Novice: 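Submitted below is the structure of interest, expressed as structure tokens.
Because the structure is predicted, anything quoted here is derived from the model rather than measured. Throughout, a chain's letter reflects where its sequence line sits, starting with A, and its residues are numbered from 1.
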There are 2 protein chains.
Amino acid sequence: MANIKDVAKKAGVSVTTVSRTMNNRGYISKDTRKKIEEAIKELDYQPNQIARALFKKHSYVLGVIVPDLSHPFFAELINFIEAFASDRNYKILVCNSLQDAEKEKEYLDMLRQHRADGLIMCSHSLNVDAYRKVQMPIVSFDRIISSSIPYVASDNYRGGVMATKHLINKNCHRLLHISGPLTSDLLANRRADAFRETCAKFGIDYKIIEGAYVKATFEDNWNFIKNEVAPHLREFDGVFCSNDIIAYTLYVFASKAKIRIPEQLKIVGYDYHNFTRMLKYPILTTIKQPIDQIGKKLCALLIDQIENVSADNYVFDVQLIEGETT
Amino acid sequence: MANIKDVAKKAGVSVTTVSRTMNNRGYISKDTRKKIEEAIKELDYQPNQIARALFKKHSYVLGVIVPDLSHPFFAELINFIEAFASDRNYKILVCNSLQDAEKEKEYLDMLRQHRADGLIMCSHSLNVDAYRKVQMPIVSFDRIISSSIPYVASDNYRGGVMATKHLINKNCHRLLHISGPLTSDLLANRRADAFRETCAKFGIDYKIIEGAYVKATFEDNWNFIKNEVAPHLREFDGVFCSNDIIAYTLYVFASKAKIRIPEQLKIVGYDYHNFTRMLKYPILTTIKQPIDQIGKKLCALLIDQIENVSADNYVFDVQLIEGETT
DNA sequence: CAGCTCGCTGAAAACGATTTAAAATCGCAG
DNA sequence: CTGCGATTTTAAATCGTTTTCAGCGAGCTG
């Protein structure tokens, strides 16, 4: 593959001049510029970004760590992250932590070794100290890592209130919330807070069952519902699920158990990702997170930090999508 | 961030010695090795992979270009690709072509500039010449690019035969196939070949409607079915769809049109990705591609090429998953 | 005409690693 | 004490860029 020296030789100038031409720095005569551009085209010269990155200490690579690449939420999120990063000339190195702390630590080191310019953390298997040590601009999705690391999230509390109030408005009297794991610094847990407080405020009986963070397969979710949720299910007439996959699984489970939905049991989910939008039996009632805007904001905040603009937290508004399950 | 010189200084040796220690090359006394390892730990030294890559001309980065990152098939495929690449110490740079030829060309150049070690092509917006020029090891999913570029695919022909025969066995007499775009070198089109030939062999009336490659949203698919398929739909009692998303959309469409499935119309899909596995209303009858094995093989063939092992094409067996739609 | 600025160009020093080739050290036999 | 192979270490070149600094005419000013 041709390098800058080959171009210089072919154009009959020095490498400095070639470099300056490509980067539009300083004075270059029309004449030499033309010669150089011809040489570049003729040799199909592709500037070596590795050499560039070495000198400039700027790789234009962003690391993205997610718990599960094939989960519809993260697939969609990465889709948008990639698009916005690409617009600003950044590339993304995706890492699949599988929620394994060991693997996540390895990825962190790997990204440091590759001198990624920044890091988007969507997986949260390690304690906050591990991320603070990374010495790289970071943004976090849905978790408060430290005051100097901006986070992006949907307005989980408001979403929780909306979901709960919706169930109450639909005449539910005994409510269940299936949450994610209630680790203190995960912002998704504001949904449970909102649920609890809203039920209290309206004097509604409630219960919270703590689930796992990301359950990948239908069977995982099914077993969870069968073992943890089913024994209590008939005590409730409304369930707020912390994600759409579990909401759908619950719908399937309840249907098979001859519980009529929405008449006997109403279900609200959370996310409204591709899977939910595709789904028509049932059309889930759910709280929509603006995944596109979240992706864009994560990117923007990170690149702002990298390029020395100050960055701040960002919380997005959510929206109730009323379907057929409530 | 500490570099190799800092380590050398701290350990009181030369950089050469540090380098040799890390790479286990040549003689190093127990004593100096220990001193160096201590210095590395103390400084939290992370070797600069960019500098390494520059010298070794080996970046350990693989480019992966897909048409749509958030499509369940590709999300799952990338999931596996990442896992296997990571096992062999490679990283992946994901690119979302959106099936835009211009964008795909840009990504190709970008990956060349970043000196990716190889390329996994799952998007096929350009003519084959564009890929031949890339001068980088490539593997292709589901497309024959040239005899020197290995491809990986499921046994599309056999899948097509299985699907068609299954419909015939279920007593269908007039069959429809909704294909992807019938570009000659896409291996997915063997499904249509198989459909055509199997129908002919059994003396069955058939028709093929050509669809788009990847339709992202339910609405896109819905409109396609409404406009292109619906006018003919009642002529048929069995449909073989070239992917599960279109199969599901057709199911929804037909149900709303009061066509009873499977009694009046039987539907077979293709893929069996996460979306399909999650889906319970209906449980689709479909042809399963082994996405995990495809991902693994793509990776393995590419890395073999990079590391100078010869590589060959690979076609995976498929499997009929019988659901409730036939 | 000395001195300055403009416009243009190039040589050389980085960036942080690896590798080659050569030098230093050691132990030990002659 | 010398010579020599076996160890162990190092200086210097290299990878492909960018940047700093300096040089050199030409034209202008005073």
Novice: In terms of side-chain heavy atoms, does A:Glu76 have a donor or acceptor partner in B:Ser70 at a distance below 3.5 Å?
Specialist: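 Their side chains do not contain a donor-acceptor pair, so the 3.5 Å distance test is not met.
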
Novice: Check the distance between D:dT10's P and B:Lys9's NZ and give it to me in whole angstrom.
Specialist: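 Value for this atom pair: 14 Å.
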
Novice: Angle between the two end axes of the helix from C:dC1-D:dG30 to C:dG30-D:dC1, five base pairs per end, rounded to 10 degrees?
Specialist: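 Terminal axis comparison yields 80°.
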
Novice: Taking A:Arg20 for its side chain and A:Ile28 for its backbone only, find out whether a donor-acceptor pair lies under 3.5 Å.
Specialist: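 No: the side chain of A:Arg20 does not pair with the backbone of A:Ile28.
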
Novice: If you measure from the Lys or Arg side-chain nitrogens to the Asp or Glu carboxylate oxygens, is any gap between A:Arg132 and A:Asp129 under 4.0 Å?
Specialist: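 Between A:Asp129 and A:Arg132 there is a salt bridge, with a charged N closer than 4.0 Å to a carboxylate O.
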
Novice: To the nearest angstrom, how far is A:Ile36 atom CD1 from D:dT18 atom P?
Specialist: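 Atom-to-atom, A:Ile36 to D:dT18, this comes out as 12 Å.
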
Novice: Is it true that B:Lys41 and B:Glu37 make a salt bridge, defined as a side-chain N closer than 4.0 Å to a carboxylate O?
Specialist: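 Between B:Glu37 and B:Lys41 there is no salt bridge, as every charged N stays at least 4.0 Å from the carboxylate O atoms.
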
Novice: Under the salt bridge (charged side-chain N to carboxylate O under 4.0 Å, His left out) criterion, do B:Glu307 and B:Arg88 qualify, and how do the steps go?
Specialist: CA-CA 11 Å; B:Glu307 297 176 354; B:Arg88 295 187 63 167; 3.6 Å; yes

Novice: Are any side-chain N or O atoms of B:Arg115 and backbone N or O atoms of B:Arg112, one a donor and one an acceptor, separated by less than 3.5 Å?
Specialist: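 The answer is yes, because a donor-acceptor pair under 3.5 Å joins these two groups.
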
Novice: Rounded to the nearest angstrom, tell me the gap between atom CD1 in A:Ile40 and atom C1' in D:dT17.
Specialist: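 Whole-Å distance recorded here is 13 Å.
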
Novice: Take nucleotides 11-19 of chain C nucleotide by nucleotide from the 5' end and write B, S or -, depending on whether a protein heavy atom sits under 4.0 Å from the base, only from the sugar-phosphate, or from neither.
Specialist: BB-BBBBBB

Novice: Measure the distance from CG on B:Asp31 to C1' on D:dT8 and round it to the nearest whole Å.
Specialist: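 My rounded result for the distance is 12 Å.
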
Novice: Measure CZ/B:Arg33 against P/D:dT9 and give the value in whole Å, please.
Specialist: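 Rounding to the nearest Å, CZ of B:Arg33 and P of D:dT9 are 11 Å apart.
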
Novice: Does B:Tyr60 offer a backbone N or O that forms a donor-acceptor pair with the side chain of B:Asp117 under 3.5 Å?
Specialist: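 Yes.
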
Novice: Counting just side-chain N and O atoms, does A:Tyr27 come under 4.0 Å of either OP1 or OP2 of C:dC8?
Specialist: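 For C:dC8, OP1/OP2 do not have a side-chain N/O of A:Tyr27 under 4.0 Å.
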
Novice: Taking only side-chain N and O atoms of B:Ser29, does any of them lie within less than 4.0 angstrom of OP1 or OP2 on D:dT9?
Specialist: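 For D:dT9, OP1/OP2 do have a side-chain N/O of B:Ser29 under 4.0 Å.
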
Novice: For the pair B:Phe80 and B:Phe84, name the ring-plane relationship: parallel under 30°, tilted 30 to 60°, perpendicular over 60°.
Specialist: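 The rings of B:Phe80 and B:Phe84 lie parallel, inter-plane angle below 30°.
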
